[in-house]
Amino acid sequence: MKPRKNTKPLYWSKAVDYLSQADPVLSKIINKFDADKYLVCKKTLFETFFSIITGQQISIEAANSIEQRVKQKAKRITPKNILNLSDSNLRMLGLSYRKVNYIKGIAKLILENPKFFIALCAMSDTDAIMSLSKLYGIGPWSSEMFLIFQYNRQNILPLGDIGLINSFCNNYSIDKKEFLKTIADYKKIWSPYCTVATWYLWRDIDEDIVQY
């Protein structure tokens, strides 16, 4: 089931209590931040995809700058508005040739086959990531970001995310070479609330975390 925009996930409070008791390191991080802040879905389905694709392999600042320029040109970031802009226009606004193709491909999919996204709601996390990863320009990381920020799935652990890697290694005092081995143990501790653990680890390195 897709969450309503700007609403607190039903599992959030229970997850925070569980993680605070299960992991002393994470408990300290959680206690650093206001309890009235939490993960929410803030954007439309297409806006989330647009932000994720725009942010692939560039800095948050650069991605935000591109997104603002596109908003000024398109007025609103919707599938129809983006498809109405020429490829050359979008490239002049900062998007690469590939990202223009990725974004327009998603726009067409949303307009022509909305049932694709309805079907995702009934899938397991693994199946949803596999289904999304088959889309042009959408790999595992992009799929995980979509499930976290658009669907607020509660047990996503994006192992390829640089922010998660850096925060985890810093807070748990491990070498990055040991990241995958060590976090596998913590995944067992955090489940079924890996998304919440990830969200707090992100916040520990950037209080104003990116919102896809």
Side-chain angles (χ1 to χ4, degrees), residues 3 5-9 11-13 15-20 22-44 47-71 77 94-96 99 129 138-180 182-184 186-187 189-191 193-212:
K5 288 179 70 175
N6 296 310
T7 59
K8 184 178 183 178
Y11 59 80
W12 196 264
S13 296
V16 170
D17 289 342
Y18 172 83
L19 293 170
S20 295
D23 183 348
V25 174
L26 199 56
S27 179
K28 290 180 181 179
I29 296 172
I30 290 170
N31 288 331
K32 288 168 62 175
F33 300 102
D34 294 336
D36 62 349
K37 299 288 180 66
Y38 38 80
L39 173 69
V40 292
C41 172
K42 290 187 175 181
K43 300 182 178 182
T44 67
E47 287 172 335
T48 294
F49 269 120
F50 183 91
S51 296
I52 289 170
I53 293 171
T54 300
Q56 289 173 349
Q57 298 180 327
I58 62 175
S59 70
I60 293 172
E61 292 77 12
N64 287 341
S65 179
I66 293 170
E67 189 163 342
Q68 288 305 311
R69 290 199 293 272
V70 174
K71 279 183 179 179
I77 294 179
L95 290 166
S96 68
K99 288 182 180 180
I129 289 169
I138 304 297
W141 176 84
S142 296
S143 301
E144 290 160 346
M145 293 303 104
F146 180 81
L147 293 178
I148 289 173
F149 288 99
Q150 181 62 213
Y151 285 3
N152 292 173
R153 291 284 185 105
Q154 69 181 49
N155 201 34
I156 304 295
L157 187 63
L159 297 177
D161 185 80
I162 298 300
L164 173 63
I165 294 170
N166 288 340
S167 184
F168 182 83
C169 291
N170 178 59
N171 279 288
Y172 292 84
S173 302
I174 64 162
D175 189 277
K176 289 183 180 179
K177 294 178 181 178
E178 299 296 317
F179 170 74
L180 289 176
T182 307
I183 203 168
Y186 280 90
K187 182 178 181 180
I189 296 171
W190 297 339
S191 291
Y193 302 117
C194 287
T195 295
V196 183
T198 298
W199 189 84
Y200 275 104
L201 285 165
W202 278 337
R203 290 203 69 192
D204 196 55
I205 57 172
D206 187 353
E207 187 170 345
D208 297 318
I209 63 170
V210 64
Q211 176 69 46
Y212 290 118

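Excluded from the calculations below are hydrogen atoms, water molecules and symmetry mates; all remaining heavy atoms, backbone and side chain alike, are included.
More than 12 heavy atoms of other shown residues, nucleotides or ligands fall within 6.0 angstrom of atom NZ in Lys32.
The closest side-chain heavy-atom distance from Glu178 to Tyr172 is not below 4.5 Å. The shortest side-chain heavy-atom distance between Ile165 and Cys169 falls under the 4.5 Å cut-off. In this structure, Ile58 and Ile66 have side chains that are in contact, with non-hydrogen atoms separated by less than 4.5 Å. Between Ile77 and Phe49 there is no side-chain heavy-atom pair separated by less than 4.5 Å. Proximity of Asp161 to Thr198: side-chain heavy atoms (C-beta onward) are nowhere separated by under 4.5 Å. When side chains are defined from C-beta on, Lys176 counts as touching Asn166, because their heavy atoms get closer than 4.5 Å. Inter-residue side-chain proximity for Asn171 and Asp204 is flagged as met; some heavy-atom pair is nearer than 4.5 Å. In this structure, Phe50 and Leu95 have side chains that are in contact, with non-hydrogen atoms separated by less than 4.5 Å.
With respect to the salt-bridge test (charged N to carboxylate O, under 4.0 angstrom), the residues Lys43 and Glu67 qualify.
Without hydrogens or angle criteria, Asp34 side chain to Asp36 main chain gives no donor-acceptor distance under 3.5 Å. Under the 3.5 Å distance criterion, the side-chain polar atoms of Ser65 are left unmatched by any main-chain donor or acceptor of Glu61. Side chain of Thr195 to backbone of Ile148: no donor-acceptor contact under 3.5 angstrom is found. No side-chain donor-acceptor contact under 3.5 Å links Gln56 to the backbone of Lys99.
Applying ring pair (Phe, Tyr, Trp, His ring centres under 6.0 Å) to Tyr186 and the options Phe179, Phe168, Tyr193 leaves one that passes, Phe168.
The nearest pair of heavy atoms linking Leu26 to Tyr200 is CD1-CB, 4.4 Å. In this structure, Glu144 and Ile156 approach most closely via the heavy-atom pair CB-CG2, 3.8 Å. Closest of all the heavy-atom pairs between Pro9 and Tyr38 is CD-CD1, 4.2 Å. Contact record, Leu39 with Trp12: CB-CZ3, 3.5 Å, taken as the closest heavy-atom pair. When every heavy atom of Gly163 is checked against every heavy atom of Ile205, the shortest pair comes out as O-CD1, 3.3 Å. In terms of heavy atoms, Thr48 sits closest to Gln150 at OG1-NE2, 2.7 Å.
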For this session: Please step through side chain to side chain contact (heavy atoms under 4.5 Å, CB included) for the pair Leu157 and Leu164, ending with a clear verdict.
Result: CA-CA 9 Å; Leu157 187 63; Leu164 173 63; 3.9 Å; yes
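Considering OG of Ser51 and NZ of Lys42, their distance stands at 12.0 Å, rounded to 0.5 Å. Note that CD1 of Ile129 is 11.5 Å distant from OG of Ser142, once rounded to the nearest 0.5 Å. Distance check: Trp141 CH2 to Phe146 CZ gives 13.5 Å after rounding to the nearest 0.5 Å. In this structure, the separation between CG on Leu19 and CH2 on Trp190 is 8.5 Å, given to the nearest 0.5 Å. Rounding to the nearest 0.5 Å places NZ of Lys8 at 13.0 Å from NZ of Lys37. The SG atom of Cys194 sits 10.5 Å away from atom CG of Leu201, with the distance rounded to the nearest 0.5 Å.
Partners of Tyr11 by ring-ring contact (aromatic ring centres under 6.0 Å, His included), not counting sequence neighbours: none found. For Phe149, the ring-ring contact (aromatic ring centres under 6.0 Å, His included) partners at least two apart in sequence or on another chain are Trp202, Tyr212.
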